[in-house]
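Throughout, numbering of the chain's residues begins at 1 and tracks the sequence.
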Amino acid sequence: DEFTITEGQPVKAGQIIAKLNYQEFEKRRAELQATLGVYGERLAFAETELARSRKHASTRAATGKELEQASADATVLRAEAAKLQAEIQTLEWQIQQTAVRAPVDGLLFERLASAGTFIYSDSNREIASIYDPAKLQIWVDVNQRDVVRLRVGQPVEVTLDAEPGKVFTGEVSRILPRASLSKNT
């Protein structure tokens, strides 16, 4: 729903980079808290009635049935209040989960979703790209005749057309077994 940082800014692992819309969760939490307040008042009254029934039962001014009813009423209200508290805790957890956190240290490279974009919770859709400049990767097409000379861990030097004269060093991290006949790579 909203990004808390902009592209190019550094981020730390665990830092909130975006927040998803949680208004529905907050609305439901407020409704449950209001209901819990009502149950709290009803429970207080039921507890008072239970105490009164116990007192009267000891003096035989109340019947065992009245005491049982007062006890059952209080028990039901306690259970309902506990259920509401559990639902509120679940909603609070869901609200916390709407904060999208950076999984790693790096720079926010690109936003892949914008404010207002609807994202299903089970869609696995990426909303941002973060990279660590110290661990930058490049993908290189290698001519088929040269592939046999490559080994994982082998040191490499790379030059880019975008930065003429600058040499980047690294190592081969993996070799994908994919060929492109049209490129002969």
Side-chain angles (χ1 to χ4, degrees), residues 1-37 82-144 146-185:
D1 192 46
E2 69 180 65
F3 277 88
T4 58
I5 63 169
T6 58
E7 292 174 355
Q9 284 187 308
V11 296
K12 293 285 184 191
Q15 178 182 348
I16 296 173
I17 60 169
K19 292 183 180 181
L20 304 178
N21 188 332
Y22 53 89
Q23 290 174 343
E24 288 299 316
F25 293 132
E26 282 189 331
K27 180 180 170 188
R28 179 69 179 135
R29 179 177 62 181
E31 290 170 356
L32 289 174
Q33 286 172 330
T35 303
L36 182 60
K83 178 182 171 191
L84 287 170
Q85 286 173 331
E87 286 183 55
I88 290 169
Q89 286 178 337
T90 298
L91 284 166
E92 287 171 351
W93 178 84
Q94 289 173 321
I95 289 169
Q96 289 174 354
Q97 298 309 302
T98 62
V100 179
R101 298 181 183 277
V104 295
D105 292 348
L107 296 175
L108 181 67
F109 179 66
E110 180 181 18
R111 293 180 184 182
L112 302 172
S114 58
T117 301
F118 190 81
I119 301 172
Y120 292 98
S121 61
D122 60 351
S123 70
N124 292 327
R125 178 170 176 194
E126 296 175 353
I127 65 164
S129 175
I130 297 173
Y131 78 98
D132 180 353
K135 297 180 180 175
L136 195 57
Q137 294 183 1
I138 61 169
W139 294 60
V140 178
D141 285 330
V142 177
N143 192 292
Q144 288 181 357
D146 296 328
V147 170
V148 295
R149 296 188 296 187
L150 290 178
R151 300 286 178 259
V152 171
Q154 178 180 1
V156 295
E157 291 183 350
V158 179
T159 58
L160 304 174
D161 292 339
E163 297 201 37
K166 189 168 183 181
V167 177
F168 297 89
T169 60
E171 67 179 45
V172 176
S173 62
R174 75 188 97 157
I175 301 168
L176 299 176
R178 275 194 296 215
S180 171
L181 296 177
S182 64
K183 294 186 205 176
N184 197 30
T185 62

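Between the side chain of Asp105 and the main chain of Ala13, a donor-acceptor pair closer than 3.5 Å is present. Gln9 contributes no side-chain N or O that, together with a main-chain N or O of Leu108, makes up a donor-acceptor pair within less than 3.5 Å.
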Practice item. Please lay out, stage by stage, how Leu112 and Ile127 fare under the test side-chain contact (heavy atoms from CB on, under 4.5 Å). Key: CA-CA 5 Å; Leu112 302 172; Ile127 65 164; 5.5 Å; no
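Taking every heavy atom of both residues into account, Ile88 and Arg29 meet most closely at CG2-CG, 4.2 Å.
Phe25 contributes atom CZ, which lies 11.0 Å from atom OG1 of Thr90 (distance to the nearest 0.5 angstrom). A distance of 11.0 Å separates NZ of Lys83 from OG1 of Thr35, quoted to the nearest 0.5 Å. The line from CD of Gln33 to CD of Glu31 is 11.0 Å long, rounded to the nearest 0.5 Å.
Residues that satisfy the side-chain hydrogen bond (donor to acceptor under 3.5 Å, both in side chains) test with Asp146, not counting sequence neighbours, are Arg149. Remark: Val140 engages Ile138, Val142 in a side-chain contact (heavy atoms from CB on, under 4.5 Å) (not counting sequence neighbours). For the salt bridge (charged side-chain N to carboxylate O under 4.0 Å, His left out) test, residues two or more places apart in sequence or in another chain that qualify with Glu163 are Lys166. Checked against side-chain contact (heavy atoms from CB on, under 4.5 Å), Tyr131 has the following partners two or more places apart in sequence or in another chain: Leu107, Phe109, Pro133, Leu136.
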Donor-acceptor pairs are to be reported for all side-chain atoms of residues 167-181 against protein atoms at under 3.5 Å, with residues two or more places apart or in another chain.
unit_1: Ser180; atom_1: OG; unit_2: Ser182; atom_2: OG; d: 3.3
unit_1: Ser180; atom_1: OG; unit_2: Lys183; atom_2: N; d: 3.4

Show me, pair by pair, the donor-acceptor contacts under 3.5 angstrom made by side chains of residues 94-103, not counting sequence neighbours?
unit_1: Thr98; atom_1: OG1; unit_2: Ile95; atom_2: O; d: 2.5
unit_1: Arg101; atom_1: NH1; unit_2: Gly14; atom_2: O; d: 2.9

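Annotation: side chain of Leu91 is in contact with side chain of Leu32 (closest heavy-atom distance under 4.5 Å).
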